Amino acid sequence: MSLIDYFAMNIVPMMYRGKGALHPCETGQLTDMVSCIREYDVNIFFIKKNDTFIAIDAGYKNYNSFADECRKINVDPSKVQAMFLTHADPDHAGGLDVGQKNYFTNADVYVGNVEENYLTNTYHRKKIGPFGMKNSVSIKSGYHLLKDGEIIFIGDLKIQSFLVPGHTLGHLVYIINDEMLFTGDSIALNDEGGWCFFDIFNYDSGLNIRSLKTFKRRSEMDHIRYVFTSHNGFTDDVKGAFRHIDTIPDWKKKGFVFDKTAPYDCFAMNNC
Ligand SMILES: [Zn+2]
């Protein structure tokens, strides 16, 4: 197992147990257009409008119950026309790894042009002590690269990508049809609003904060109706989702619980 997979599957669950930091949506329909699957602590989002069907992020490698979760919401992953990755961490891009069964057989894959450096291990993810963490996900060649601010159309959906570096150096957020914002791992959400994502996972939290402020300034937030995060659910309080973005939740503080309604341990199967 690679260092980053070990970190994601063993260290993270141990550190975060009881902290309320991770609270994804349960598998289900979230809005008229958006449904999701929950894999442990993360969500894969599906967006459907008329005959157009796309997904945001691909979840973990070899997630055992993937097919069962798809059935719960009547999703056939082979019908996904396009897969947009927010970033290349194993909980977001693992589902496309060449070493596992590919469920998204007909999806065109999109990833940020800066993030490709992490995918190819030109950039390291983050240093933990003396170890530079490498990516453990390999994606089939032929994927498409997205630039900051680029707009593409797929059927009835308009997808705009914005570079919001900090969690990873090439992290993208997406605005779909001008009204749905997918923040990936740039924002952590609780009942007080949105915060800078948790420091331990970020390449550079200061950069994440600056990027979020820049994004807020330059994008047309007025039209946005929903904000979806990858690890903390979604909200229609769009202003609230940016309320505390210049603050990093201090989960090391004694007794700290980020979200009191979050599962004690997202990775424990009896809690799922
Ligand atoms: Zn993540």
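Quick caveat: nothing in here was measured; it's all calculated off a predicted structure. One-based numbering, in listed order, for ligands and for the atoms of each.
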**Study point:** K158 and D178 ion-paired at < 4.0 Å
**Key:** yes
Point to revise | Pairing of D204 and K126 as salt bridge, 4.0 angstrom limit | key: no
**Study point:** Considering all heavy atoms, the nearest A241-L189 contact
**Key:** CA-CD1, 4.1 Å
Check your understanding: Angle at the Zn ion (ligand 1) between OD2 of D185 and OD2 of D91, to 10°?
Key -> 170°
Check your understanding: Has F256 got more than 12 heavy atoms of other residues, nucleotides or ligands less than 6.0 Å from its CZ?
Key -> yes
Check your understanding: Is the distance from the Zn ion (ligand 1) to some N, O or S atom of H167 under 2.8 Å?
Key -> no
Point to revise | Heteroatom of H92 nearest to the Zn ion (ligand 1) (N, O or S, atom name) | key: NE2
